[in-house]
Novice: 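So that we are looking at the same thing, I have put the structure below in structure tokens.
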2 protein chains.
Amino acid sequence: MNGTQAPARRSRKKQKGNIYTADCPSRSVLDHVTSRWNSLILVMLLEGTHRFSELAHRIGGVSERMLAHSLHALEADGFVLRVVHPTKPPKVEYSLTPLGSDLATHVQVLTAWIEENVSRVLDYRKASAKK
Amino acid sequence: MNGTQAPARRSRKKQKGNIYTADCPSRSVLDHVTSRWNSLILVMLLEGTHRFSELAHRIGGVSERMLAHSLHALEADGFVLRVVHPTKPPKVEYSLTPLGSDLATHVQVLTAWIEENVSRVLDYRKASAKK
DNA sequence: CCGCATCCTTTTTGATACTG
DNA sequence: CAGTATCAAAAAGGATGCGG
């Protein structure tokens, strides 16, 4: 089941994308969601609002440049809300929009699964390396 | 809630990873799962066994090089099983392992969500471009 | 000081051509 | 059919510096 052709339901704005199609916008959304740091950012923001420096500190290995890039991308897609406090020193806070929160929930399931099953993967990697 | 420190449960092989740590293996697993084409491959194989050419044809925009590369990576992590039929012409079939099937289920939830909500993202992108 | 833009290096990806 | 090898382009990543 699960047809490949677009449903072509007319006169309704809410059309479902086909992620297997190269030029479908849903593909670009998937790319953004799965872009290296973005999934980690989404899951971390599920905890609540965080400052730039907090994210930079807690997400191991991310550079400030990449963090800024990723946050902008997530903001442009409407997943993350960026609030600048013009204090001194400056403070920028990031949080999830309702849409982003919904998405992040699903991403978290994935990251949680990986954390749970990472040892299985490691065992397999080791076994096939030996062979 | 959801502590940051590792649980340090001892003397059990099944240790849970911390995906926020740069050198945790779970990070590399996440990278593989979210690598551009891998998520699409996983979801497609959820339908059942597929040949190389079927995957290449149905996943729009993927090159043979990347498809082969991605399939090898998924195979190395124990998510995908590769079976070569020494017929003429040759035939290679790919399917999910139990572990891969479990993972792919969660990835599919994500891709399905994106397909459902892509119009919301597009609306947001359009609105912020206008501003 | 914090956030992030700019320069330059390294890694990933893609187009094309060629083998078993 | 199912890949691999090679080269060129693009993107990711790191170091540094500057505005607020």
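We use all heavy atoms of the structure for the numbers below, so side chains are in, but hydrogens, waters and symmetry mates are not. Below, read A as the first sequence line, B as the second, and so on, with proteins coming before strands; counting in each chain starts at 1.
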Novice: Do B:Glu47 and B:Arg58 sit within salt-bridge range, that is, some charged N less than 4.0 Å from a carboxylate O?
Specialist: yes

Novice: Tell me which residues in residues 85-96 of chain B lie within less than 4.0 Å of DNA chain D, going by non-hydrogen atoms.
Specialist: B:Pro89, B:Pro90, B:Lys91, B:Val92, B:Tyr94

Novice: Return the set of residues passing side chain to side chain contact (heavy atoms under 4.5 Å, CB included) with A:Tyr94 (not counting sequence neighbours), or none when no residue passes.
Specialist: A:Leu45, A:Phe52, A:Leu55, A:Leu71, A:Val80, A:Arg82, A:Val92

Novice: Give me the atom names and distance for the closest heavy-atom approach of A:Arg125 to B:Ser28.
Specialist: NH1-OG, 3.1 Å

Novice: With the threshold set at under 4.0 Å for non-hydrogen atoms, list the residues of residues 59-76 of chain B touching DNA chain C in residue-number order.
Specialist: B:Arg65, B:Met66

Novice: Excluding sequence neighbours, so at least two apart, what forms salt bridge (charged side-chain N to carboxylate O under 4.0 Å, His left out) with A:Asp31?
Specialist: B:Arg36

Novice: Nearest whole Å is fine: how far is C:dA5 C1' from A:Phe52 CZ?
Specialist: 12 Å

Novice: Of the non-hydrogen atoms in A:Tyr124 and B:Glu75, which two are nearest, and what is the gap between them?
Specialist: CE2-O, 3.2 Å

Novice: Measure from CG on B:Leu55 to P on D:dC1 and round the result to the nearest Å.
Specialist: 14 Å

Novice: So which of residues 32-42 of chain B are in contact with DNA chain D, with a heavy-atom cut-off of under 4.0 Å?
Specialist: none

Novice: Let me know which of B:Glu93, B:Lys91, B:Arg51 forms a side chain to side chain donor-acceptor pair (under 3.5 Å) with B:His85.
Specialist: B:Glu93

Novice: Between A:Ile59 and A:Leu46, is there shared hydrophobic-cluster membership here, with clusters defined by ILVMFWY side-chain heavy atoms closer than 4.5 Å?
Specialist: yes

Novice: Any chain of hydrophobic side-chain contacts (each under 4.5 Å) joining A:Val84 to A:Leu74?
Specialist: yes

Novice: My understanding is that only residues two or more places apart in sequence, or in another chain, count here; which of them pass side chain to side chain donor-acceptor pair (under 3.5 Å) with B:Ser39?
Specialist: none

Novice: For B:Arg120 and B:Asn117: C-alpha separation, side-chain torsions, deciding distance, then whether side-chain contact (heavy atoms from CB on, under 4.5 Å) applies.
Specialist: CA-CA 5 Å; B:Arg120 274 189 243 269; B:Asn117 295 89; 2.9 Å; yes

